[in-house]
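Remember, predicted model here, so these are calculated numbers, not experimental data. Start at 1 and go down the list; that is how both ligands and their atoms are numbered. These numbers come from the heavy atoms of this one structure, side chains and all, not from hydrogens, waters or symmetry mates.
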Amino acid sequence: MAREFARVGVVGLGTMGAGIVEVFARGGIEVVAVEVDEASATHGRETLEASTQRAVDRSKMAADDREALLGRVRVTTNLDDLADVDLVVEAVPERLELKAEVFAALSKVCGPDTIFASNTSSLSITELSVRTERPHQVVGMHFFNPAPVQALVEVVRTVVTDPEVLADVTDLAVRLGKSPVVCGDRAGFIANNLLFTYLNQAVGMFESHYAGREDLDAAMRYGCGYPMGPLALMDLIGLDTAYEILDTMYRQSRNQRHAPAPILKQMITAGLLGRKSGRGFYTYAAPGSPEVVADSLTPPPPGQEGGDQRTVQRVGVVGTGTMATGIAEVFAKSGYDVVVRARTEAKGEGVVAGIRKSLEKAVVKGKLSESARDETLARVRPTTTFDDLADCDLVVEAVAEDLEVKQAVFGALDDVVKAGAILATTTSSLPVVECAAATQRPDDVIGMHFFNPASVMKLVEIVSPITTAPDVTSTVRAVTAKIGKHPVLCGDRAGFIVNALLFPYLNDATAMLEANYATADDIDSAMKNGCGLPMGPFALLDVVGLDVSLAIERSLYMEFRVPGFAPAPLLEHLVTAGRLGRKTGQGFRDYQKK
Ligand SMILES: NC(=O)c1ccc[n+]([C@@H]2O[C@H](COP(=O)([O-])OP(=O)(O)OC[C@H]3O[C@@H](n4cnc5c(N)ncnc54)[C@H](O)[C@@H]3O)[C@@H](O)[C@H]2O)c1
């Protein structure tokens, strides 16, 4: 029989505590809330009243229900009032000594069966539990802000937590309409541990001038569908808060990836704390304002960067696969004449057929007129010779992901294409400079990394190795905007921006699963519900393909030699066993055979 939880206590009625009280009271549970003094108690009560009034104003709660809810909450300043509660959640400030004192006092007040839960974001539940006389009855109950809205609750077990206590608390969270996940006692738990490691890496990229803040943020929003880019999110969280969390994680793990990027400390010391101070990575209209205003780091819109630009009218595409076909379609749709170089006539016709099929779909959906379809198709000319690319202003190579094959293509282009033309590769993992080195004109060579399907995905990573001429980069940035894509600039390093940030995170999640820290379902749920990501890491790995993911992780590891980038053995084993994800029907999960 699951425990009843007729009455619970909440200690600390600040940002989180007030929200947690509301969650319990909404669920029909009597709540005794304890604050440190009358002023804080009044403030906490007012927070609760205002939040529930907003729910009534938005027709999300009936006025009667609000009255009943408030009637279930008693706010006091006396810890003794918690004598007969079944569960206490503490949400006092994030200081171990303070929390330990609260638990020590509660140990004397509460009955022997009362469960103690901490809402700490980063302190050790184990350390807190041993400061009570009932370690087996202590868990973490980590709510997310704002607690009444966010579905995720991380229920944290220690090595001595009674399994029944864990089950009862998890069950309670479900009854309160939350999506609880269970995990062990590690700094950052699931969501913050994975999130902050990724955020810290993004800050490091910014710090080393690998990519600009707008480009880092746009890359993750357009490339991965994240609700916010990493630096905008850091500003929202607060750089001081992020620093504390990373620092705690580092002290526990000694993992270099958790060591706060040095620039964080400098920004905090300079008072650049993020939105709350009006300046962090971005500048805001006022302290606390979400409105970003332009500052000295704001880049000009694509095409308006001034300086020299080359003229691009005729575009060549080399290759006949998925990417080549999509890229040719995108350019032709935007009014460029496109010459597609195929190895055989049949393959060339295949590209035209592929584009026709895609355009036809758009016509059926009413998104494209028949005349626009015909005009677009008329702009695409397949050929089997490199000579026909001679007068192209820009050539995009999209052949097999094999360096020798690509270098042969660049050698051939170098022989025939007119001087001053831009030569681009759409490689997703090879060094662009290797393509540049295969020509006598390395300054004209650049990377244009499109995402699949090219006709749909908005992001293009523009990769400039040290050899690329500045006017080539600015021309390609402007052309990318002209074809309706979002250009981001970055250096020529493995993974560019998106893969370099995404795959180490996926690898961290795999290592977490491998360590039996939490289940795949719970890790996926934490990242979806806690961080608003479109998919959890294992759902995504299964879609991408585990073999493809392993290859990307290996290339990142070989480039950076960061120990944390070494692919988790679990991924290697799944690939060896032929479990490659959705495409083979089995990966981290099993799928129904089609
Ligand atoms: N803010 C977040 O996004 C977030 C999310 C999840 C968890 N947390 C964690 O929740 C806890 C609370 O954070 P917060 O943001 O609500 O802080 P807060 O400063 O808004 O609230 C803390 C409250 O505790 C009260 N308090 C202090 N000492 C007390 C005592 N001895 N007895 C009773 N009340 C006392 C304070 O008066 C204050 O109202 C922290 O451990 C934090 O790490 C915060």
**Report entry** Nearest protein heavy atom with distance in Å, relative to atom 11 (C) of ligand 1
**Finding:** V92 O, 3.4 Å

Report summary line: For atom 42 (C) of ligand 1, the closest protein heavy atom turns out to be E94 OE1, 3.5 Å

Report task. Give a yes-or-no answer on whether the side chains of Y284 and D235 include a donor-acceptor pair shorter than 3.5 Å. Result -> yes

Requested in this report: Check ligand 1 against G12 and write out every atom of the ligand that is under 4.0 Å from a heavy-atom position of the residue.
Outcome: 24 (O), 25 (C), 33 (C), 34 (N)

Query raised in the report: Do S121 and E94 meet the criterion of a side-chain donor-acceptor pair at a distance under 3.5 Å?
Result: no

Report task. Measure from the side-chain N and O atoms of Q201 to the backbone N and O of A500, and report whether any donor-acceptor pair falls under 3.5 Å. Result -> yes

Query raised in the report: Are N507 and Y557 linked by a side-chain donor-acceptor pair shorter than 3.5 Å?
Result: no

Requested in this report: With heavy atoms only and a cut-off of under 4.0 Å, state how E101 meets ligand 1: side chain, backbone, both or neither.
Outcome: neither

Query raised in the report: When you look for heavy atoms under 4.0 Å from ligand 1, do you find them on the side chain of F144, its backbone, both, or neither?
Result: neither

Query raised in the report: For ligand 1, is K99 a contact, meaning one of its heavy atoms is under 4.0 Å away?
Result: yes

Query - Per-atom contacts of ligand 1 with H142, taking only distances under 4.0 Å to non-hydrogen atoms - result: 6 (C), 7 (C)

Query raised in the report: Which ligand 1 atoms are under 4.0 Å away from a heavy-atom of T120?
Result: 41 (O)

Requested in this report: Apply salt bridge (charged side-chain N to carboxylate O under 4.0 Å, His left out) to R131 and E97, showing your working.
Outcome: CA-CA 10 Å; R131 308 287 273 268; E97 277 315 312; 3.0 Å; yes

Query raised in the report: Under the side chain to side chain contact (heavy atoms under 4.5 Å, CB included) criterion, do N529 and V181 qualify, and how do the steps go?
Result: CA-CA 10 Å; N529 295 317; V181 298; over 6 Å; no

Requested in this report: Considering only non-hydrogen protein atoms, determine which one is nearest to atom 12 (C) of ligand 1 and report residue, atom name and distance to 0.1 Å.
Outcome: A91 O, 3.3 Å

Query - Distance filter under 4.0 Å to S121 heavy atoms, resulting ligand 1 atoms - result: 6 (C), 7 (C), 8 (N), 9 (C), 42 (C), 43 (O), 44 (C)

**Report entry** 4.0 Å protein heavy-atom contact status of atom 8 (N) of ligand 1, strictly under
**Finding:** yes

Report summary line: When distances are taken from atom 3 (O) of ligand 1, the protein heavy atom at minimum range is N145 CB, 3.3 Å

Query raised in the report: Will you find, in the side chains of Y282 and D217, an N or O donor that is under 3.5 Å from an N or O acceptor?
Result: yes

**Report entry** L123 and ligand 1 - part of the residue with a heavy-atom distance under 4.0 Å
**Finding:** neither

Requested in this report: Identify, for atom 39 (O) of ligand 1, the protein heavy atom at the shortest distance, and state residue, atom and that distance.
Outcome: E35 OE2, 2.5 Å

Query raised in the report: Going by atom types only, do S40 and D37 share a side-chain donor-acceptor pair under 3.5 Å?
Result: yes

Report task. List the steps, then state whether side chain to side chain contact (heavy atoms under 4.5 Å, CB included) holds for R45 with H43. Result -> CA-CA 5 Å; R45 178 98 202 168; H43 183 260; over 6 Å; no

Query - Protein residue, atom and distance nearest to atom 6 (C) of ligand 1, heavy-atom basis - result: F143 O, 3.1 Å

Query raised in the report: Any luck finding a side-chain donor-acceptor pair between R66 and T52 under 3.5 Å?
Result: yes

Query - Cationic tip of R493 above F560 ring, under 6.0 Å, 45° of axis - result: no

Query - Contact atoms of ligand 1, heavy-atom distance to V34 under 4.0 Å - result: 33 (C), 34 (N)

**Report entry** Under 4.0 Å to a heavy atom of V11 - the qualifying atoms of ligand 1, by number
**Finding:** 32 (N), 33 (C)

**Report entry** Residue pair E35 / T77, side-chain donor-acceptor N/O under 3.5 Å
**Finding:** no

Requested in this report: Under 4.0 Å, heavy atoms only, figure out whether ligand 1 is touched by the backbone of S40, its side chain, both or neither.
Outcome: side chain

Query raised in the report: Tell me, which protein residue and heavy-atom name are nearest atom 21 (O) of ligand 1, and how many Å apart are they?
Result: G14 CA, 3.2 Å

Query raised in the report: Between the side chains of T158 and T161, does any donor sit under 3.5 Å from an acceptor?
Result: yes

Query - Nearest-option assignment for atom 26 (N) of ligand 1, heavy atoms, candidates A41, P93, A147 - result: P93

Query - Protein residue, atom and distance nearest to atom 44 (C) of ligand 1, heavy-atom basis - result: M16 CG, 3.3 Å

